[in-house]
Amino acid sequence: MNWVTGSNLAILGIIGASLILLLTENWRLYLVALAIQYLAVFWLISFEWNFGLAAVKLVVGLMAAAILGASHPETDLSYKHGKGGNAGMLFRFLTAIEIWLMIYAFSPSVAGWLGLSNTAVFGGFLLAGMGILQIGLGSGRIRPIVGLLSCMSGFEIIYASLSSSVLVTGLLALVNLSLAIIGSYWMSFPNGEVRE
Amino acid sequence: MSAAILWIIIPLFFSILIWFLRQYSKSVMYIGAAFSVLITLSAFFLKVDYTYLIGNVPFKIEPEMNLLGRALIIADSDRAIVFLLYLLTTFWLLLGAGFDSLPSYAAYALTIVSFLVASLAVEPFLFSALFIILAVIISIPMLIRMPKKTGRGEVFYLTFMTLAVPFLLFASWSASSVESSVVDVDLIQKTTVLFVIGFSLLLSAFPFFIWIPKLAEQFRPARVYFLLSILPVGCFLIFSKFLIIYPWLRNAEFFSDALNFSGLLLIVFGGILAAFQNDAGRMMGFGVILENGFLFLALGFGIEPRLQYLAILIFSRLMGLGVWGISTTIYGYHRDGFSLKQMKNLMWEYPFVSAGLLFAFFSIGGLPLFGGFPAKALVIQEIVTQRAFMDVFWILLGEIGFIVGGLRLLSAIIGEAKGEKIIVKESWLELIFLLLGVLGLFILGIFPSFSFGLLLQFFNKVGYLQF
């Protein structure tokens, strides 16, 4: 059986990138992983949509990564309150594996209900699950934002198989970019005490 | 001209314009408030799908506008909601013009209300969740922290609201399958579950309400209470529209029970937890949760009482939160910090602010003769007619908890009376705002038939309550 297919490579890309996003505290690596994650999302969506419409997801994702990168999130990325170090990393890694196994177990039944390919559903839920994990474990501002962006990307992979509305694509692009801008804004004013 | 251009596109472009002008002068705040007054009046007086003659030129507001292959439809029966949302925005902008230092507040508020109106107008209705989340995102820069307050209220707020979007879009997609197929019980159940999860996140049902007290504690009151007034109201109206569009959803076997249970949980948690808070902002945060509980209960009733109770509850909630917002904004203008310790002896320096705070608090708590009591009494009466006496017990428990919180606030505000003289430090403008607010709550509490009669008459006149 040939496992090296485009969709499986995209899934591997999602697994690798989302794991790096969860574990690393290096902001350059973090942003590269976010960009790779969006590339994998684009790859999966391009199986369902035409290239031009799918490319919107990639462009929006890369723009979101650039917006977040512009605010240098190095201090915001570190795990605080004893969540750092090797034990913390091992804990996060094991939790991620647990999430993968859980999603692997239930995605075929969801795919059956929605009438979609297992790859799209598995990839979508994988991203959504890892996103929620990031929101839960991150203590700063950037991790919840990237977690939300991951959740939305996961949802977009599945929803792309159900609908290809231009208005939804446009509004979701606007939501993703706005989330990135909010993340960047929060990092610029970490205490929220803005004076205009 | 279409109604969507008048009540969505023009306010949106105007808000963008004044956002760019914000750095030049604080007067953009007044311009924004004046514009909001104009839009509110237009929603009250201008009928949709009706030809006016301006001189010899006919002028008609069309109900429909096409946007990227979809439609934004505001029928004449939706005018009441547009009016309500803009009235609310006008109120908070006028308050902001008087006491707020953020010039871009008007721009954010008008953008938020435009997106909320768009979420109610968009067809197919499944897109409404996307407009709601855009309104939520726009509201984030508006939130400015109180001095020395830290926390992650805004992170929870953004997270829960954003997570609602996928569930609602999936549910709406699934709902279109339900409509096009023969009765499929399994599909209906799955779709209902998706709707329940999505709306639980959006309407801050148990346990997704934790952001409300955090937000109320951390951020400046004028903007937080604007959000806590307009967003839940917009979301509940969207929810009620979903219930009207999809009869199988409101007739689902467990749906009414789920709404009822969810409402009771919010009332009990909101009320009891309010009693143990040491910060007035957090207390009112739990008050908002308690109010949400009543809205859930009202939605659990049959279709006709549901919409009438919803209108009455929303109106009394807005009055209560409005007066609380006026009082806390004026308080925050003179003093910092909303902990009970910091509010000690307030009555001896700011008696009218104190009266406003207490009137609003007890009104939200539903104490007899205060503004919020008649609306809550109606809901309790409906529950009694259904012979659900245990539900009444839980409601009273929540109410008592909240009123105990109010008594603690009262005790802090009075402080230690040592025969001091009351000095009125409020300005004339502040006194006018406060007296009008307290008078409104007083009339609502003492003459409920008159106030609610006028409200229902208006809603009936434009046809919102007739289905």
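Order of the sequence lines sets the chain letters (A, B, ...), proteins ahead of strands, with each chain counted from 1.
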Problem - Which atoms of A:Ile145 approach chain B - backbone, side chain, both or neither, heavy atom under 4.5 Å - result: side chain
Problem - Heavy-atom proximity to chain B below 4.5 Å, by part of A:Ser163 - result: neither
Practice task
With a 4.5 Å cut-off on heavy-atom pairs, point out which of B:Leu158, B:Val165, B:Leu163 contacts chain A the most.
Solution key: B:Leu158
Problem - Segment of B:Ile137 engaging chain A (4.5 angstrom heavy-atom cut-off) - result: both
Handout entry: Heavy-atom pair of closest approach, residues A:Ala54 and A:Ile45
Key = CB-CG2, 4.0 Å
Exercise for the section: Measure the acute angle between the ring planes of A:Tyr159 and B:Phe170, then classify it against the limits of 30° and 60° as parallel, tilted or perpendicular. Expected result: perpendicular
Handout entry: Side chain, backbone, both or neither of A:Leu148 within contact of chain B (heavy atoms, under 4.5 Å)
Key = side chain
Handout entry: Residue part contacting chain A, namely of B:Ile138, when any heavy atom lies under 4.5 Å
Key = neither
Handout entry: Pairwise distance OG1(A:Thr24) to OH(A:Tyr30) - rounded to 0.5 angstrom
Key = 9.5 Å
Problem - A:Ser150-A:Gln37 side chain donor-acceptor pair, cut-off 3.5 Å - result: yes
Handout entry: Validation row, ring centre B:Trp211 to ring centre B:Phe156 under 6.0 Å
Key = no
Practice task
Report the option among A:Leu171, A:Val175, A:Leu162 that has the most heavy-atom pairs separated by less than 4.5 Å from atoms of chain B.
Solution key: A:Leu162
Handout entry: Part of A:Ile182 within contact of chain B (heavy atom distance under 4.5 Å)
Key = side chain
Problem - Side chains of B:Ser139 and B:Tyr157, donor plus acceptor under 3.5 Å - result: yes
